[in-house]
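Heads up: the structure comes next, in structure tokens.
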Amino acid sequence: MRPDTPAENVDHTAEAARLERTAGLYPEDAEALLLRAAAHLELSGDRPTASTLYDRLLSSTAGLDNPHLVRALKASNLWEYGHEAEARAIIEGVRSASPQDPAPWVIVAEALESHDELEAAHETYTEAVHRLLTDVPEPPYATHPLLFGRHRVRRMLGESHDEWDALADTVHSLPITLDELHDPKRVWSLGSENPAELEAEILRLRAELGAYREALSRPFPVAILHWPATELTELLEAYPSLSTEYPTHETHLATIESALRELASSGTPNLGIVTGTVPSYEAFAASELSSPSDATLLPQYATTLAARGRAVAWPPQQGAACWCGSGQPYGQCHGTTA
């Protein structure tokens, strides 16, 4: 499915089947692909089959990149078709595990919130922001839904603003304030006969919908291919002709940063980096009925990895580790100004 395909034109069942087939071709990306397939099944209304995909991932002998995310999605899905007790048990397990990734926290908190468990949702959001954002100078983009969700639940509970709510206001970028978006009285205005009140509510809903569309419909990044040192050594030993593309590993890293900066300065949005491996590249070349020594395959390989959800956004968040794998903060490594 193209990123710009309207949702009403999507055959969710067929798209789920396509993603399952793709997962069979690319087992190293099975987790990301099967999670997307499960999402399509949920949208189609086939929640039991979506649960079987979550179970398939959790029972896999291969290690998962984010098992807490899979469990959180499974819990949210189970609750939606009547398995409340099992969903609650899984949610408590996710909370007890205290994952470092904000996504599982968001999903279990929103599941509680959507079923009117506002106190439990508030506790979950609060626990997450304390664990992930204490002493963090700037909240990463992925943690913003935690701040916004906590703000929303506190408004419904009638709680006064605290320092985390103030931080949510700071990172909120829409023209309508969070207090307006999360006002519990908004629901009453939908039944108003006053045209001015209805028009104001329509503007708020458009702004809120725009934010959701931006988050959910973001196309895969324009990605640059990165080879770790060991992988690049193995690649060049197997296919020496590619040394014209990669004279040295240091040059390779510098070229990546330079290319990304040029793209950013030209106004290209949504940039990212994908990391290649020799076995994955060889499999891609075989699927294209071509030789891995063909340098024209490299950008196609990068695009394929990005389309399969393997891209990491560039530039990294402030204080985050550099994309090159050195372990140093980006600002002290490839993020330094020339």
Side-chain angles (χ1 to χ4, degrees), residues 1 7-8 10-24 27 29-129 131-132 142-150 152-153 156-157 212 215-217 309:
M1 182 181 68
E8 61 268 21
V10 176
D11 183 338
H12 291 293
T13 302
E15 185 66 12
R18 185 189 69 80
L19 288 164
E20 283 196 69
R21 291 194 300 271
T22 307
D29 293 334
E31 182 176 348
L33 292 167
L34 291 179
L35 286 180
R36 288 168 59 188
H40 279 286
L41 289 169
E42 290 190 37
L43 289 169
S44 74
D46 191 359
R47 293 187 177 276
T49 304
S51 285
T52 63
L53 285 187
Y54 295 132
D55 289 335
R56 174 178 162 186
L57 283 168
L58 291 170
S59 62
S60 171
T61 55
L64 296 177
D65 292 334
N66 197 337
H68 303 304
L69 175 62
V70 180
R71 291 189 180 94
L73 289 166
K74 178 183 175 182
S76 177
N77 182 54
L78 284 170
W79 203 334
E80 290 299 324
Y81 71 106
H83 296 268
E84 178 182 341
E86 186 178 356
R88 286 181 180 275
I90 296 172
I91 287 172
E92 284 306 308
V94 172
R95 291 181 61 182
S96 298
S98 298
Q100 292 301 307
D101 178 15
W105 289 103
V106 172
I107 291 163
V108 297
E110 287 184 347
L112 291 164
E113 181 184 350
S114 67
H115 292 279
D116 295 324
E117 301 283 347
L118 297 184
E119 292 288 352
H122 179 250
E123 291 175 5
T124 304
Y125 281 124
T126 301
E127 183 181 354
V129 297
R131 189 165 297 277
L132 301 181
T143 64
H144 291 186
L146 290 173
L147 293 168
F148 298 154
R150 184 178 182 275
R152 180 176 59 248
V153 169
M156 288 190 283
L157 291 172
Y212 280 115
L216 296 175
S217 302

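Residue numbers count from 1 along this sequence.
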Nearest atoms (heavy-atom pairs only) where [X] meets [Y]:
X: L132; Y: P99; answer: CD2-O, 3.8 Å
X: A87; Y: A75; answer: CB-O, 3.3 Å
X: A30; Y: A23; answer: CA-CB, 4.1 Å
X: L73; Y: E42; answer: O-OE2, 4.3 Å

A38: partners by side chain to side chain contact (heavy atoms under 4.5 Å, CB included), with sequence neighbours left out: A50, L53, Y54
V129: partners by side chain to side chain contact (heavy atoms under 4.5 Å, CB included), with sequence neighbours left out: L133, L146, L147, R150, W164
Could you list the residues that satisfy salt bridge (Lys or Arg N to Asp or Glu O under 4.0 Å) with E127, not counting sequence neighbours?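 Here the qualifying residues are R95.
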Rounded to the nearest 0.5 Å, what separates atom [atom1] in [X] from atom [atom2] in [Y]?
X: L57; Y: L34; atom1: CG; atom2: CG; answer: 5.0 Å
X: D11; Y: R18; atom1: CG; atom2: CZ; answer: 11.5 Å
X: S98; Y: H68; atom1: OG; atom2: NE2; answer: 8.5 Å
X: L118; Y: M156; atom1: CG; atom2: CE; answer: 5.0 Å
X: H115; Y: E113; atom1: NE2; atom2: CD; answer: 11.0 Å
X: L35; Y: N66; atom1: CG; atom2: CG; answer: 8.5 Å

Is there a side-chain contact between [X] and [Y] in this structure, where contact means two heavy atoms from C-beta onward sitting under 4.5 Å apart?
X: D46; Y: T13; answer: no
X: E31; Y: S60; answer: no
X: V108; Y: I90; answer: no
X: V94; Y: I107; answer: no

Looking at E92 and R88, does any basic side-chain N land under 4.0 Å from a carboxylate oxygen?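 Salt bridge flag = no for R88 with E92.
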S114 side chain to E110 main-chain N or O, any donor-acceptor pair under 3.5 Å? yes
Mind telling me whether H40 and H12 have parallel, tilted or perpendicular rings, with 30° and 60° as the class edges?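 H12 vs H40 ring planes: tilted.
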If you look only at pairs with a residue in residues 50-61, which of them pass as a salt bridge (charged side-chain N to carboxylate O under 4.0 Å, His left out), with sequence neighbours excluded? E20-R56, D55-K74
Could you work out, with ring-ring contact (aromatic ring centres under 6.0 Å, His included) as the rule, every residue matching W105, not counting sequence neighbours? none
Listed partners of H83 passing ring-ring contact (aromatic ring centres under 6.0 Å, His included), at least two apart: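 Per chain and number, H83 pairs via ring-ring contact (aromatic ring centres under 6.0 Å, His included) with Y81.
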